[in-house]
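One structure below.
Worth saying up front: this structure is predicted, and the values here are computed from it rather than measured. Whatever order the structure lists ligands and atoms in, that order sets their numbers, starting from 1.
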Amino acid sequence: MYLTDEEKAMLDGNEGEAVKLAMEILVTAGESLGAQRLIPVSSAHIVLAMYKSIYDAGVEVCEKFAALGGKFKIPTTLDPCGMDTENWEEFKTPHEYASKQIRVMKAYKEMGAIPVWTCTPYFTGNLPRFGEHVAWTESSAVAFINSVLGARSNRETAVLDICAGLTGRVPEHGLHLDENRKGEVLIHLQLGNRALASWEYPVLGYYLGKTLGSQIGVVEGMKGHPSNDDLKAMMAAAAASGSLALIHIVGITPEAPTTKIAFGGRPISSELEVTEDILAKTREEMCTKDTGNIDLVAVGCPHYSIGEIERVVRLLHGRRIHPNTEFWVYTNKNTAVMAERMGFRQALKESGVRLVLETCMLISPIETWGFKTIMTDSGKCAYYAPMQCKADVIFGSIEECVESAVSGRLLREGGKRL
Ligand code: F3S
């Protein structure tokens, strides 16, 4: 692999032992990926952060880089922590688990990470521009920045993300290269002239991820003006049910002003139609049951924005949730501060809804609660929760989630839709 003089110096240890180790890992990984060289990246976002998914080995990796004197060279943000950072005891986090998570937090503090603890770093200051090369690992965020912002990142792997933050480099391969960003599969949205409802974006994403795998789709026929939150939910679901990291949406993705430009001369390998029937069937697939009591309504996967929190407050309009049902809203601290200022945090509290801070519904020890049925408005959560939370899952719109939380039971029983 070609290395610049600066990179050779890093590899020789001129910038310290942590950078040397990071370069060794990057070069080994790059060579196995067939990369010709490393490229500079302007930010990193790290998923090697939640004890539930990194285990003791992950803790040791973080501590090793910190002990070697590692300091992040580029802005480096952190994915959600493995527990609520303010109230981990209230959320029944085992003490031994918490002590390991605290070690991870300490190691990243020493290395100078920006502790946003969120899967939506693009809403909290780490916002790459069109064409900018970055090294991120959170799959939902990678799909968002490639598809909505036109920035460039692969779904980097854990450990490589730390190495990228320490050196400001990643192997040049995959979505960093123009030729690998061209469309492969053409998707026709056949929904007449209507725009998708908010709850349909994660359903569409779920279907596309499952159907496309890692292929790059080009979606034609999206009507209306999807919000950033709609696209965030769609990309998170797509990157969960499939391994994709880029979907071109014609008229939205900066690299896809037209279908022709999105394909960039590459032949269309196949075509798909998305119909009302497909959306309805996919929605059913996203539920492991469709009746009964709801133990937990969990929303905020990816982390809720202030607009989404406001919508929950509005839908509740002062009502209390059912005493046998928990309702948790996951978000980051920046958004929580705004929610506090706007009175939403208090309103949620009065309705019995908890704000869960800087953590993730899937990668925290939620199983300590023994929930049997979880309802969510997240396609990503619907995909992973049966395995990660060991519970049945019901996917629904936020309106259905709120009404079900108030009544304690799924309100679309018998096919009824809200
Ligand atoms: Fe975020 Fe966890 Fe969902 S990292 S996207 S809340 S699975």
Side-chain angles (χ1 to χ4, degrees), residues 44-54 58 77-85 91 93 101 104 108 113 115-124 126 136-148 153 155-158 161 201-202 205-206 209 228-245 286 296-305 308-309 312 327-336 354-367 374-391 393 395 398 401:
H45 181 74
I46 292 179
V47 295
L48 194 84
M50 311 133 170
Y51 180 66
K52 191 176 176 182
S53 64
I54 66 175
T77 46
L78 298 170
D79 224 35
C81 185
M83 62 188 188
D84 183 298
T85 54
F91 284 97
T93 310
Q101 184 64 63
V104 173
Y108 280 124
V116 291
W117 299 115
T118 185
C119 41
T120 59
Y122 41 88
F123 288 159
T124 53
N126 189 356
W136 289 22
T137 22
E138 163 57 47
S139 66
S140 67
V142 170
F144 184 89
I145 62 169
N146 278 309
S147 310
V148 180
S153 180
R155 289 168 64 146
E156 295 298 350
T157 51
D161 50 9
Y201 286 93
Y206 193 102
N228 280 332
D229 289 330
D230 293 333
L231 297 169
K232 172 185 81 173
M234 174 181 165
M235 294 305 157
S241 62
S243 52
L244 57 80
M286 292 163 73
L296 169 70
V297 171
V299 301
C301 172
H303 279 175
Y304 254 16
S305 67
E308 290 172 310
I309 290 175
V312 172
F327 191 155
W328 297 354
V329 176
Y330 287 76
T331 192
N332 53 65
K333 211 166 245 181
N334 285 12
T335 307
R354 302 185 206 223
L355 221 49
V356 196
L357 294 189
E358 304 194 298
T359 187
C360 159
M361 61 187 70
L362 299 173
I363 316 289
S364 55
I366 200 171
E367 62 283 353
I374 297 174
M375 185 166 190
T376 184
D377 64 344
S378 160
K380 180 170 180 176
C381 177
Y383 183 81
Y384 284 120
M387 193 173 47
Q388 295 280 107
C389 307
K390 302 187 182 14
V393 172
F395 170 83
I398 187 58
C401 287

Under a 3.5 Å distance rule, please check whether Glu138 uses its side chain to pair with a backbone N or O of Cys119 as donor and acceptor.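 No.
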Polar side-chain atom of Thr376 near backbone of Ala382 as donor-acceptor pair, under 3.5 Å: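 No, Thr376 side chain to Ala382 backbone: no donor-acceptor pair under 3.5 Å.
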Return the set of residues passing ring pair (Phe, Tyr, Trp, His ring centres under 6.0 Å) with Phe327 (not counting sequence neighbours), or none when no residue passes.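 With sequence neighbours excluded, Phe327 shows a ring pair (Phe, Tyr, Trp, His ring centres under 6.0 Å) to no residue whatsoever.
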Donor-acceptor pair between Thr124 and Asn332 side chains, under 3.5 angstrom: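 Side chains of Thr124 and Asn332: no pair found under 3.5 Å.
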Hydrogens and angles aside, do Asp161 and His45 bring a side-chain donor and acceptor to less than 3.5 Å of each other?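 There is no such pair (donor and acceptor under 3.5 Å, judged by atom type) between the side chains of Asp161 and His45.
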Which atoms of ligand 1 sit under 4.0 Å from any heavy atom of Glu138?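 Those qualifying, in numeric order: 4 (S), 5 (S).
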Can you say whether the rings of Phe123 and Phe144 are parallel (under 30°), tilted (30 to 60°) or perpendicular (over 60°)?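 Taking Phe144 first and then Phe123, their aromatic rings stand perpendicular (interplane angle over 60°).
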Closer than 2.8 Å to atom 3 (Fe) of ligand 1, how many protein N/O/S atoms do you count?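 Number of qualifying protein atoms: 1.
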